[in-house]
Every structure is written in structure tokens, then in C-alpha cells.
Amino acid sequence: MDWWMTLLLGMAVLLTLLFVGMPIFVAFLILNVAGVFWLIGPSGFGMFANSIYTTASTGSLAAVPLFILMGEVLFRSGAMEVLLTSLDRLVGNIRGRQYVLCILLSAICGALAGAAMAVAGLLGRSLYPTMQQRGYDERLSAGTILGGASLDPIIPPSVLAIIIASLAKVSTGKLLMAGLVPGLVLMVMFLIYVLVRVKLKPSLAPDLSEDLRNPDTKGSALVAFLKMLPVSLIFLTVVGFIMMGVATPTEAAATGVIGSLILAAAYGGLNLEMLRLSLFSGVRVAGIMLAIMACATMFSQLLIFSGALGQLGDFVLHLDLSFYLMLLVLLGLPFLLFMFLDQVSVLMVLVPLYQPIIQHYEYDPIWFWALVLIVATVGGITPPFGYTLYAFKSAVPTVETKLLFSAAWPFVWIIVAGMALMAVFPELITFVPNMMRG
Amino acid sequence: KEYRLLSSWDGNYAYNPYILDPFVEQLKEATDGRISISVSGPETVPPFEQLEPVGSGVFQFLFTHGAYHAGTTPIMLAADALHGDLDAVRESGIFDELDKIYQKYNLKLVMLPITPEGAYHILLREPVNDNGDLEGRKIRGSLSYKGVVEMLGAVLVVMPPSEIYTGLEKGVIDGAAWPIIGALDYKWYEVAPYLLRPGFGVNYEPIFMNLDAWNALSEEDQKAVMDVSAKIEDSWYKDAPEVWKKEEDELKARGMKVTEMGDKQKAELGNAWAAALWTMAEEKDPEAAKQIRDFARSKGLTD
Amino acid sequence: MHDGITLVGYLGAVICLIVIVFSYSYEVGARYLFSAPTTWASSLVSYMLVLMVFLAMPELTRARSHIFITIVLDSMPERRALWFQRVSFLVAAFACLLAAWFCFDATAQQYVRGISTVNEWGVPKWLLTWAIPYGLASTSIYFLRHVATMTSYQPSEAI
Ligand code: NA
Ligand code: NA
């Protein structure tokens, strides 16, 4: 059978299984068992079992539950309330200040937590009701939270970055740090967008009197700033350890968990119930993601074994697309897939397919995979399917799905525009990781 | 016929031009294309999981090192503790003893390239300390290096070759143990500027064949495999020191410096290397380890 | 009974995560405060991760936390979607059982042949890999139980 038939058949089976609602890890399990049987025969089942073990015992993936745990502990520690009141004081008397507050808070949450879903849920529960009460526009409020939550997997720490780095076999620390500047750039773009929107259409934001009656907006700015320091310390420790090479990202994640426990104790938020909830959440989210990864690993081994991967590389090489056109194709394909499918399963398939191509085109691996990371992140809010969308929807069940979808699109396009910027100016991505050299 | 060979290393491995490439080429020639080999690397099957799929026949050949499957049988790992030149080793018949053990795993030992003494070394970010050792440092290596690394007061960290560069770059590890060539191709000299001397150990880097696939070969082809193997074993043993020297010169030209361990450590080096290999082998599989060690002793290949 | 074992496994997974946190924190401390890196931390973390993932798997299936794509199901009448999912789960049960069997076979081989891991701190491999067939087999039973009792196709809790 031709290599492309093998490839197409594999993809068709996988997509069918996914779209009929097969749990994702099972879809891969079926695909791989069938693939082993067909391409290798029964003697390959030992390889299949070993591939599950090898992936599930990949030490660097321990950062996935650890980063989730760290965020869960911090969100339940009482630190978020402190952050919110401090920010409320620091954001000045500008029209649309709750939008600004929301974006800044998301970025800070992004620096503390590893996944967008937690942040979307948190902001949906805490900030969204306040914004509605005070008369902020429903759609723009929802969009701001969705866009803001999308900063989270881009700004380190990031579970998605860990997963992509481990699949693409690039330095976990570098890919994590590569998201720092892009996260800030996108944050600024979001801020500009909401301020311009409010300027053009003042009815999107109520006047400030209601906001400013809130006692949180008064008091010393210095005190407010100082109050934010302990939380920032956690971020600086984790990121600093990674940057300076004091610890591997996984080790840094573990120390981050300890740090957030200490902080929770200091804020009086540490108790058995919050520990139980945080641990369960860490095990559950990581268990779901790593189960998919463990059951899917054999897929790329089969692609290599059958020769399909090598052939695809040759084929793409002969297409002779230009540097940027190829980049557009490589990023556009997952953009479309992420509209309907979840990130981990798409990445499990695409990363091995992309390896030979990015080698041939001599894309800087950190730059390229950071762009993929951003596409994967935006996939969380591209309708109709996305975890960030669902997390927000389950936090605010009253919001209409249609409104949620239309709220997301402007922020999707801003991120896409941001990516175009980063594609043309790669330094935005590579600057920080390059500082780590030596 | 097309055969599949599984290699523990990627295409950049420094030994390939001297062992793997000639094996593939010469075998094809010697059998008039009846044995044509396609090579798969660690991206198809991770290095530490490669013995099983070759034994079960998914692949027909395996190019590896004993440390990578020491969890299954430690025998080829312990072989690195043997001394004696190629002729002495061949003469001793230990090849057949090793082969017998691997047949239990449905593998046929077809080639056993060995080197003279000094096949391994350690690359360091910083020179040795005042005591001439590496107290408290983390050194990447496979289990082979346990004895030497611990004798030098350091801790062994097992990580796959693909992670060595970043590990050294960021100081997650302070050094990396590896065969004495390879730092050039993997560019480790950029991030670890010191060569620890002296080098140590001999290096056994076997090629196995799936036993059923071997038995299915005609006698003529079996002989061709063995002849090609013997030729490569000869040339590798003869050329290795020169190859090593060339790489060391090139590394120095690129700015690497030699750092020597202390005299006390030098005196312990050989024993630390060999004793730890035998200890590990005896812990893992006492019976097979004793069998090989007794045999090697009787032939004067080990203490 | 089945749910009881699953709960114990899930608590085991939580303990694995706790062990991961403390062994790496200890490692960082030992390395930089006392210049005495451990020989066991990174091995232990790898081992705990395998156990965590597969000890948690049955509970995640019981709670129907595992992700699936609902777009096509959403577009169907509720009853038809439910039947669709019943069939999927039946197939899933079979696939997991088959995979559990292969993995059990591999674990048994590791036990019989005395295969150990090649990390710096080596342990018998079956001590870790038994969790894989356990997780898959128990998951398979939960899929069957869902087929029998399911009343709605929606996941019971959002992740
Ligand atoms: Na983040
Ligand atoms: Na989407």
C-alpha cells in the first residue's frame, strides 16, 4: 500500500472515531492496536505496551500535574482576592477599567497557573458577575475573559508548552520561556483593542462612579503594589530557577507547589479541604491528558515504522513552497483542526508529521513550536469546540452559546495578528530563550 | 530481502561510519543484495526498549550497547569490564559464551566490535576540583559509568543522549559520560569545555540478529554475515585509536581543554570501572554473571 | 466493590502526586543547599508518574471525565446520541480489554524474566507496569457499566 494511503486511512479512522464521540484516549488505543496488527503483526504488541510505559514514565511530563497543582493551590489560597483588590487600586480612572483589570488579572494568573481552563472558570465566576452588575457590555466582557484566559498557556508556566516540548523533543525550559514576550505582546494588543472599542463606542462601558464607589479602588497605591509582591515571588522563583538553570522545569514546578503552599498558609487559605480539591484537580486533569499521550505515542512510532513519515517529508520537500507560505500551511492546518478537536490529540498527530518539514525548512525549532503553542492556545477559544469556551460556559451557565462564540472571534483575530507579528519578527519569541544560553 | 535494523543512536552517532555503515554496505555487497538493510533509530523505538522488538522479530538486527538493556540482561554491560586485545578475546571463545546467553532472548550475536583501553571519557563544564575529583556534581551517563562516576564523588544521572546538550547548557548536569568520540557531532564542546583525562574502559558495541531470521539464512549468507562482521571488527580495533586522536585534536582546536583527575583517582580508575560493572551484573543476574566471569577469568580476560 | 478498588487506586494516584512534589523539592534543596544531589529522585518521579496516570484512569472513566468530542452528538436528537455513545462505549470496552491483555502479557514477561528498569535507581519493571493493565481493564469494565446504566450522553462533570 502506498504511504499516503496508509496515512489517509489512519487519519480517516482516527477522525471517525473522534467524531462519533469515542473518548479520545480510546480512539488512539483502537487506532494503534489496529495499526500494530496491520503493519507489524502480533509480534508488535510488546512494543505497544512499552510505548505506553515509556511515555507515562517520561519524567519531564511530571511538570503537567505539578503546574496544575500549583495553580489550583494558588487560586484557593486567598491570593487571588489580594491580587484583585490590589489591581483594582492600581488601575486608574479610565473608562472601561474593568476590561483593563480583567486583562491584567488574566496575565498575572497566566504567570501562576499552567492551563487556560482554570483561569477562564475563575474569572467567569468572580469577575464576570461584577462586570454585568456594573453594566459592562456582555459580549466584550466575555470576550475579554476568553482572550485573557488564552494568555495563560502562553505565559510560563504552561502545561501545553511542556506537552509540545516533550513531543517535539526541544528544550522544555526554552519553550516555556519563549512564551513570555508573546504573552505580554498579546496582552498589550488586547488592552489597545478594548480601549479603542470603548473610545469608539462609549456605551460598551458604564461611567466610573459605580466602580469608584468600591472601597478597593481607594487606599495607598504603594501598599497595593507591595501586597502583590509575595505572589510575584512564586512566579519569579519558578521562572528564575528555569532561566538560571538552577532546576529543571519539573523540579521548578515542584518547588513552585511548595511555594504556593507556604503562601496559602500565610494568607490563611491552607486547609485540608483545599488541599484535597487541589490534589484531585491535579490528578484528574493530568490523568486525562497523559492518558491520551500514553495511548497515542505508538501512533508516531507506527508512522515512522511504516515509512509514511519519511515519504511525507520527501513529498513536502518537493512541493517547494516558500518559507512563509509553508509556515502558513503548517500553522493554518492546526488552526482549522483546533476548531473541532482537542489540542492534545491534534498535537500527538501533527508534531511527528511536522518534524521532517521544519528540519528541511530550517525553522528555528523554539520559534516554530512557540507559534504552534499559540495556535493551540487560540484553539481553546475558536468555536465551536474549545476547553476554554466550555470552562467559561460551565462557570457562567446563563451566558448564551451564540453570544460566547461571537465574543471569542475578535480575540481570536487579535491573537492571529499577533502571530503574524511574531512570524515576521522572530526575536519577539527567541529573545528570552536565547538569553538562557551559556 | 529487506531487513530492518534498529539502532540505539541517531544518524549522527560517531561510530556509524566505522561500524554500522560498513556493515550495511558490505553485507549487501557480499550477499549480492540478498541482505539489504534499512536502519531505524531511537525515534522508532526508544533506546531502553529495543531488545524486545528485535527478539520478537519486529526488527531483524539490533545495534546497541549492553547498558541500554541492562535491565533485561547485564551480560553485555559487564563485557566492557574485560581486557585483552581483539585477538585474545577472539581466541578465548567468549564470543560463543555471550552468544549462548543472548540466544535465550531469541537473539544471535553476529558482530562484536571492541576497542583498546580508553574508550570512554567524561565531558565537564568545570575542571576537576583541588582533590582531583568531581565531588557533589551530577554526571549524565548510562549505568556503565556508575563505578567511575561514584569513585570521583559525583552522582550518576541517567538521561537519553538527546537531552545531554540542554542539560549541560543549563547546568542541570555538570558533565556527561560518553564514548570518547561523539562530542564533536553533537556539539557538546560548545557547552562543556573540559575533557576529563585519562579515558577509561573498553567498549563492546554488539550487533545482534533475531535468532529466527538468522536460522532462516542460508549457510552461505550466515557465513557472509560473519565474514563481514570479522572484517569490521578488525578494522575498527585497528583504527579506533587514530579516530579518537583525530577527534580529540579537533575538539582542542575548538577550544576544549584537558583536565586531569588526581593520581589517587587515576590509580583507582581501572578497578572502579570494572568492579562496578561486575557488581551490577552479579546483582541483576548472579548465575549468568558468574558463568561469564568464571569463563573470562579462566582465559585471563578479567580479574 | 469495583468502585471501592477504584477509589483506593485514585487515592493512590493522589499519593503519587504528593511523592512527586516532595521528592523533587527535596532534590533541589539537597543539590543547592548541601551540594548533595540524590541518586533516586528523578527515577522515583518517573515511577510515580506511571502509577499516577493508570491508577487514576478507572476513576476518571467512572466519573466520565475523559474527554470526547461532542460536536456530532450535539447535532443529533438526544436519544440517538445516547445510542451512539452506547455503541462507542461498547467498542471502547472491547478495545481497552484487548489493550489491557497485551499490557498484562508484557508485565507478565517482565516478571518472569526478571526485567528491571535502567534508571539510576533500578527496580523490577513489573512493580510499575502492573498499573497499566489494571487501569485499562478496570476502565473497560466501567465502559460496560456505562453502557448498561447511561441515561445521558453528556459528560457528568466538566473538566
Ligand atoms: Na501560564
Ligand atoms: Na476550538
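Numbered from 1 within each chain, the chains take letters A, B, ... in sequence-line order.
Below 4.5 Å, heavy atoms of chain A meet heavy atoms from Gln110(C), Thr117(C), Lys125(C), all part of residues 108-126 of chain C.
Residue with the most contacts toward chain C among Phe19(A), Phe48(A), Phe25(A): Phe25(A) (heavy-atom pairs, distance under 4.5 Å). For chain A, the option among Val21(C), Val91(C), Leu51(C) with the highest count of heavy-atom pairs below 4.5 Å is Val21(C).
Contact of Pro384(A) with chain C is made through the side chain alone, with heavy-atom distances under 4.5 Å. Interface residue Leu341(A): backbone and side-chain heavy atoms are both found under 4.5 Å from chain C.
Interatomic distance, Phe102(C) CZ to Met47(A) CE, rounded to the nearest 0.5 Å: 14.0 Å. Atoms NE2 and CD1, on His66(C) and Ile292(A) in that order, are 8.5 Å from each other to the nearest 0.5 Å.
Side-chain contact between Val283(A) and Tyr10(C): present, with at least one pair of heavy atoms (C-beta onward) separated by less than 4.5 Å. Contact check for Phe54(C) versus Ile52(A): side-chain heavy atoms found under the 4.5 Å cut-off. With a 4.5 Å cut-off on side-chain heavy atoms, Ile24(A) and Ile69(C) count as touching. The side-chain heavy atoms of Leu128(C) and Tyr53(A), taken from C-beta on, include a pair separated by under 4.5 Å.
In Phe385(A), the CZ atom is crowded: over 12 heavy atoms of neighbouring residues, nucleotides or ligands sit closer than 6.0 Å.
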Can you give me every donor-acceptor pair (side chain of residues 252-265 of chain A, partner residue at least two apart or in another chain, under 3.5 Å) with its distance?
residue	atom	partner	partner atom	Å
Thr255(A)	OG1	Glu251(A)	O	3.3
Thr255(A)	OG1	Ala252(A)	O	2.7
Ser260(A)	OG	Gly256(A)	O	3.2
Ser260(A)	OG	Val257(A)	O	2.8

